[in-house]
Student: 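Below you'll find the structure I mean.
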Amino acid sequence: MHSNMLGASKLALLALFAMQFSTISLAHPALEQRAPPIVMGLAKTFGAIAATTLTSTGATVITGDCGTCPGTAITGFGPGMGVCTGSINAGNTAACNAEAACLTAYNNAAALVPTVTLATDLAGQTLVPGVYKFTTLNAILSATLTLNGASNPKGQFIFQIQTTFGTSATTSKVVLINGAQACNVYFIVGSSATIGAGSKMQGNILAHTSIAVNSGASNKGTFCALNGAITLIADALTSQPTCST
């Protein structure tokens, strides 16, 4: 008898919850369909985090933390060289936690279902938040990409790139308008990324292998190399530890 009463009670509770969730679903269909936002987690304070080595030539400035894990080689930072304004983390817990957070963000973003398919070159596009894939395996940015947050200032722009991503020189830049945030921009790169000299990027670049940044480039966000190195040449990287999603 006790068992039957308990079963009946559970059924009643389940029915009540079903009715409540059904009402919520009908009233707010957008909430039901919205995937959890991608977050950088413990990597958000890093301007650059690499798996093997982090190398700088010239007067690089990283505003934020920098590091490597599991590798421990960080070169080119110190008096008369590059500057990392936060902590320099060579294979320590903070660096390894950041690499793990990058991997989680990479996997979660890569698993999302694309909403739009784009041509290889992002130049000249004005895009709203969404998940984007490409007609080709690689992607490039040869001029200006404009990301428009008018429809949702907290929206995310996720670019799923199967192989390489590259930018040209000073003509390549990402422009954010109407509240779009650099912290909500993700370039998910299936192999390696190459950032051209003088390119002005805004966003998180998560590369499966490595990231090479040529002279005088800048970025607002985090560069993550999941299995390789990050090389910098007199670049300016600024982490984005505060983000609204």
Side-chain angles (χ1 to χ4, degrees), residues 38-58 60-78 81-112 137-139 158-167 182-183 185-196 199 201-215 217-241:
I38 306 302
V39 295
M40 290 302 295
L42 294 175
K44 67 184 180 181
T45 62
F46 282 73
I49 175 73
T52 56
T53 62
L54 173 62
T55 304
S56 170
T57 302
T60 293
V61 177
I62 297 178
T63 303
D65 301 327
C66 57
T68 54
C69 179
T72 58
I74 300 176
T75 60
F77 295 90
M81 298 185 291
V83 175
C84 182
T85 66
S87 58
I88 298 177
N89 304 277
N92 63 12
T93 299
C96 293
N97 285 341
E99 269 286 314
C102 285
L103 179 60
T104 297
Y106 180 99
N107 287 335
N108 289 343
L112 295 175
L137 296 178
N138 69 312
I158 297 170
F159 300 94
Q160 298 173 336
I161 304 163
Q162 294 187 55
T163 57
T164 60
F165 174 61
T167 72
C183 61
V185 180
Y186 289 84
F187 295 90
I188 306 302
V189 183
S191 58
S192 295
T194 301
I195 307 303
S199 296
M201 300 298 294
Q202 298 195 71
N204 305 297
I205 297 182
L206 281 56
H208 183 269
T209 308
S210 62
I211 302 174
V213 189
N214 289 297
S215 179
S218 64
N219 183 56
K220 294 180 179 179
T222 302
F223 284 164
C224 291
L226 294 173
N227 293 285
I230 294 177
T231 56
L232 307 169
I233 306 174
D235 303 304
L237 311 182
T238 305
S239 65
Q240 302 292 294

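Residue numbers count from 1 along this sequence.
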Student: State, to 0.1 Å, how close Ala207 and Ala193 come at their nearest heavy-atom pair, and which atoms those are.
Tutor: CB-N, 4.4 Å
Student: Answer yes or no: is there a side-chain heavy-atom contact under 4.5 Å between Ile211 and Val189?
Tutor: no
Student: Give every donor-acceptor pair under 3.5 Å between a side-chain atom in residues 88-103 and any protein atom, sequence neighbours left out.
Tutor:
unit_1	atom_1	unit_2	atom_2	d
Asn89	OD1	Asn92	ND2	3.0
Asn89	ND2	Cys66	O	3.3
Asn89	ND2	Ser87	O	3.1
Asn89	ND2	Ser87	OG	3.0
Asn92	OD1	Ala94	N	3.3
Asn92	OD1	Ala95	N	2.9
Asn97	ND2	Thr93	O	3.4

Student: Given Val185 and Phe159, is the side-chain contact (heavy atoms from CB on, under 4.5 Å) satisfied, shown in steps?
Tutor: CA-CA 8 Å; Val185 180; Phe159 300 94; 4.3 Å; yes
Student: When you measure from the side chain of Thr163 to the backbone N and O of Leu137, does any donor-acceptor pair fall under 3.5 Å?
Tutor: yes
Student: Parallel, tilted or perpendicular: which one describes the rings of His208 and Tyr106, with boundaries at 30° and 60°?
Tutor: tilted
Student: Could you please spell out the steps behind the side-chain contact (heavy atoms from CB on, under 4.5 Å) verdict for Ile38 and Asn204?
Tutor: CA-CA 11 Å; Ile38 306 302; Asn204 305 297; over 6 Å; no
Student: If you look at every heavy atom in Gln202 and Phe187, which pair is closest and at what distance?
Tutor: O-CE1, 4.3 Å
Student: May I ask you to test the Ile230-Thr68 pair for a side-chain heavy-atom distance under 4.5 Å?
Tutor: no
Student: Considering non-hydrogen atoms only, spot the tightest contact between Leu237 and Ala48 and give its length.
Tutor: CD1-CB, 4.1 Å
Student: Which distance, rounded to the nearest 0.5 Å, do you find between the CD1 of Ile188 and the CG of Leu206?
Tutor: 4.5 Å
Student: For a side chain to side chain donor-acceptor pair (under 3.5 Å) check, start with the C-alpha distance between Ser192 and Ser210, then their side-chain angles and the critical distance, and finish with the verdict.
Tutor: CA-CA 5 Å; Ser192 295; Ser210 62; 3.0 Å; yes
Student: Out of the candidates Thr222, Ile195, Val213, only one should pair with Ile205 under the side chain to side chain contact (heavy atoms under 4.5 Å, CB included) rule; please name it.
Tutor: Ile195
Student: Quick one, Met40 and Ser239 - any side-chain contact, counting heavy atoms below 4.5 Å?
Tutor: no
Student: Which atom names give the shortest non-hydrogen contact between Thr52 and Ala229, and what distance separates them?
Tutor: OG1-N, 3.2 Å
Student: Any chance you could measure Leu54, atom CG, to Phe223, atom CZ, to the nearest 0.5 Å?
Tutor: 11.5 Å
Student: Ignoring hydrogens and angles, tell me if any N or O in the side chain of Gln160 forms a donor-acceptor pair with the backbone of Leu112 under 3.5 Å.
Tutor: yes
Student: Say you draw a straight line from CG of Asp235 to CD1 of Ile62; how long is it, rounded to the nearest 0.5 Å?
Tutor: 9.0 Å
Student: Drop me the distance from Asn219's CG to Thr238's OG1, to the nearest 0.5 angstrom.
Tutor: 8.0 Å
Student: Working to the nearest 0.5 angstrom, can you tell me the gap between Leu226 CG and Cys69 SG?
Tutor: 11.5 Å
